[in-house]
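A quick note: this is a predicted structure, and the numbers were derived from the prediction, not measured.
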Amino acid sequence: MMCAVPTLMPTAAKVGRQQTVRSRAVRVAAKPAVRQFVASAFRTNVLSKGAVAKRASVAVRAQAPVKADEAPAVQEAPVAKSAVAKVVPAVLAAAACLVAAGPASATAATVVAADTAWILTSSALVLFMTIPGLGAFYAGLVKKSSMVSVLMQCFACCCMISVMWYTVGYSLCFGAGNGFIGDFSNVFLKNVTTASVNGTIPEALWVLFQMTFAIITPALMIGSFVERMKFNAVMTYFALWMFAVYFPACHMVWGDGLMAQLGVLDFAGGIVVHITAGIGALVGCIELGKRKENVMAVNNLMLTCLGTGMLWVGWYGFNGGSAVAAGSGAAFAALATQISAATAACVWLLQDIKESGKSSLLGMCTGSIAGLAAVTPAAGFISPLGALCIGAISGVVCRFFSFTVKEHFDYDDSLDVFGVHGVGGFVGTILLGIFGNPFFGGFNNVPMLTQTGIQIAAALATTLYTAVASYACLKLTGLICGGIRVPDEAEVGGVDEYSHGEMIYVEEPPVLPTVSQAAPVPAPATTNIPAN
């Protein structure tokens with residue numbers, strides 16, 4: 001049963017990620033359209049209701065008793081009539097497609113309702129990862145006096161990137177352009193209509209789905225510079241970073257750009273999302289410097305645990321939706337997602353118990369996110385066994401970077417964005433070349449060493465480019481905003497009041513009792529003095 005899956009899944013991912021088909025491409029010349037439609041009818045046996053009825057009647061007549069001298073004619077009749085039943089409806093349907101209105105018929109012929117419903121659901125799930133999932137996850141790990149700033153940055157990032165994506169981002173990512181960046185042919189989505197299609201879904205839905213990926217990528221970086229970066233600097237940095245890093249990376253990998261042409265595989269964002277965000281976060285926290293109080297002040301572990309659950313569930317849309325179809329590709333990607341996250345969480349937990357003798361809820365939450373990040377680039381190309389291996393490896397490697405490496409180099413990656421997302425995405429991108437091979441049950445037929453070499457080169461190139469571009473964006477942000485760090489007193493007292501004038505918890509002053517509520521004052525004791 002699994003033999004058919006390897007050939008289907010990479011194709012679905014490639015079609016969904018790297019091809020944007022519009023109705024004008026569907027409206028081809030008359031003769032090629034007829035030939036294409038007839039060939040498709042024969043291959044898929046798609047017939048009209050009338051043709052199905054004719055085929056049934058032929059089968060009934062073939063089973064009816066006949067005379068001996070008519071037997072040869074009866075044996076040949078079903079074949080001839082069956083051929084007519086296939087050809088006539090196919091030709092008529094092809095002619096109808098040519099006569100009918102172009103955009104409407106093209107959409108009806110290519111959009112699949114099940115695929116559309118699944119990608120609509122996946123879009124909602126991925127958006128749910130940012131608001132409220134990521135915001136809740138981060139807010140529970142900072143001081144009470146900085147929770148508003150984290151939630152505000154996630155929410156504002158969602159709104160700003162949505163507008164950027166509509167105006168110019170989609171065009172720069174999926175426009176024709178060159179190998180590095182798209183073009184401005186589709187700004188303000190001017191060519192996206194109700195008739196535009198991408199594979200088997202409306203192009204408007206493809207725009208929405210990809211928008212949610214663009215939203216969460218810069219939002220991931222918030223965790224590396226919490227409690228010390230100015231709000232206007234955060235938003236300015238994100239805006240510049242999208243143009244300098246995300247739009248080019250997305251086009252090169254998913255927009256049929258340079259990396260895609262070189263054979264780089266990234267199913268759901270190991271390179272485009274996690275490596276870029278992780279490196280951008282690392283450069284940001286180093287440029288900002290350490291916090292005055294360089295500790296992870298967990299104020300609400302329940303909020304972090306709930307945020308982890310939201311992220312995990314949303315990742316089904318993140319990875320499963322990247323198959324861009326409701327089929328075996330989405331099912332295998334979602335299965336790999338679950339196995340990798342669970343395995344990484346268990347591995348992280350065992351290391352916590354070994355080191356401290358205690359099982360940490362925060363450790364399990366962090367480990368599961370590491371497994372989710374690592375499986376993202378490979379989810380559609382690996383078997384469940386590959387997901388298990390990637391989850392186990394990421395649970396060890398990401399924890400090593402989040403503790404040992406961070407302490408050794410003394411940088412303040414406050415909530416381990418680089419250690420979990422950056423390293424996880426890097427590890428998963430490389431391991432795709434190994435566990436995506438059929439030897440481990442994977443679905444990628446490129447030789448293991450060849451694909452692994454391509455993946456390593458792509459991961460390193462993305463890392464180096466993102467580091468340089470992020471540093472330039474931070475320097476430019478500092479010039480625009482007059483510095484990127486809040487004053488020392490604001491950092492010590494909490495950035496919520498300084499940046500937003502709001503607090504997540506409002507402490508009400510004690511209520512003093514009124515005169516009527518005051519306890520009665522006892523009368524002074526009197527002494528009876530006997531009269532003389």
Side-chain angles (χ1 to χ4, degrees), residues 129 133-134 136-142 216 220 222-224 268-270 273-275 277-278 281-282 295-296 298 300-316 318-319 333-379 382 384-407 413-432 435:
M129 292 172 67
L134 187 66
F137 180 83
Y138 283 163
L141 298 176
V142 298
I216 197 171
L220 291 173
I222 292 171
S224 68
V273 176
H274 293 290
I275 291 181
L282 177 65
V295 293
M296 183 181 291
V298 180
N300 193 329
L301 194 54
M302 182 180 72
L303 193 61
T304 296
C305 184
L306 292 175
T308 304
M310 296 174 191
L311 287 168
W312 192 328
V313 172
W315 232 290
Y316 274 53
F318 202 89
N319 290 350
L335 179 61
T337 301
Q338 181 70 20
I339 293 173
S340 179
T343 304
C346 292
V347 169
W348 198 295
L349 175 65
L350 292 175
Q351 294 174 92
D352 285 342
I353 295 175
K354 180 181 178 181
E355 291 188 5
S356 65
K358 298 182 182 297
S359 55
S360 168
L361 175 60
L362 178 59
M364 283 208 77
C365 291
T366 308
S368 65
I369 301 299
L372 291 167
V375 78
T376 294
I382 59 175
L385 174 62
L388 183 78
C389 296
I390 289 178
I393 294 171
S394 64
V396 174
V397 177
C398 290
R399 192 177 189 278
F400 176 76
F401 272 84
S402 297
F403 285 91
T404 306
V405 175
K406 183 171 73 171
E407 292 175 0
D413 181 12
S414 309
L415 307 183
D416 296 319
V417 179
F418 169 70
V420 173
H421 293 279
V423 175
F426 196 98
V427 168
T429 298
I430 295 175
L431 293 181
L432 186 163
F435 295 107

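Note that the CG atom of Leu306 and the CG atom of Leu311 stand 11.0 Å from one another [nearest 0.5 Å]. Note that the CG atom of Asp416 and the NE2 atom of His421 stand 9.5 Å from one another [nearest 0.5 Å]. Atom OG of residue Ser394 and atom CG of residue Leu372 lie 9.0 Å apart, to the nearest 0.5 angstrom. Here Ile216 contributes atom CD1 and Leu134 contributes atom CG; the two are 5.5 Å apart, rounded to the nearest 0.5 Å. Going from atom SG of Cys389 over to atom CG of Leu431 covers 9.0 Å, rounded to the nearest 0.5 Å. With values rounded to the nearest 0.5 angstrom, Ile390 atom CD1 is found 11.0 Å from Ile339 atom CD1.
Between Phe137 and Cys365, the closest heavy-atom pair is CE1-CB, 4.5 Å. Residues Tyr138 and Leu220 come closest through the heavy atom pair OH-O, 2.8 Å. When all heavy atoms of Ala268 and Asn319 are compared, the closest pair comes out as CB-OD1, 3.3 Å. For the pair Pro377 and Gly428, the tightest heavy-atom approach, listed with the atom from each and the gap, is CG-C, 3.5 Å. Here the closest heavy-atom approach between residue Gly395 and residue Trp348 is recorded as O-CE3, 3.8 Å. Looking at every heavy atom in both residues, Thr429 comes nearest to Gly270 through OG1-C, 3.9 Å.
Of the possible polar contacts, one joining the Ser340 side chain to the Gly371 backbone as a donor-acceptor pair under 3.5 Å is found. The closest donor-acceptor contact from the side chain of Thr343 to the backbone of Gly391 lies at 3.5 Å or more, if one exists at all. Listed for the Asp413 side chain is a donor-acceptor partner under 3.5 Å among the backbone atoms of Phe418. Between the side chain of Gln351 and the backbone N or O of Val347, at least one donor-acceptor pair lies under 3.5 Å.
With hydrogens and angles left out, the side-chain atoms of Trp312 and Gln338 include a donor and acceptor closer than 3.5 Å.
Screening Thr404, Asp352, Thr366 for a side-chain hydrogen bond (donor to acceptor under 3.5 Å, both in side chains) involving Arg399 leaves a single residue, Asp352.
No side-chain heavy atom of Cys398 sits less than 4.5 Å from a side-chain heavy atom of Val427. At a threshold of 4.5 Å between non-hydrogen side-chain atoms, the residues Ile353 and Leu349 count as touching. Taking 4.5 Å as the limit, every side-chain heavy atom of Leu385 sits out of range of all side-chain heavy atoms of Phe435.
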### Task
List the steps and the verdict of side-chain contact (heavy atoms from CB on, under 4.5 Å) for Ser402 and Val420.
CA-CA 7 Å; Ser402 297; Val420 173; 4.0 Å; yes
### Message
Applying side-chain contact (heavy atoms from CB on, under 4.5 Å) to Leu141 and Leu362, what does each step give before you reach the verdict?
### Response
CA-CA 9 Å; Leu141 298 176; Leu362 178 59; 3.6 Å; yes
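Using cut-offs of 30° and 60° for the angle between ring planes, the His274 and Phe318 rings count as tilted.
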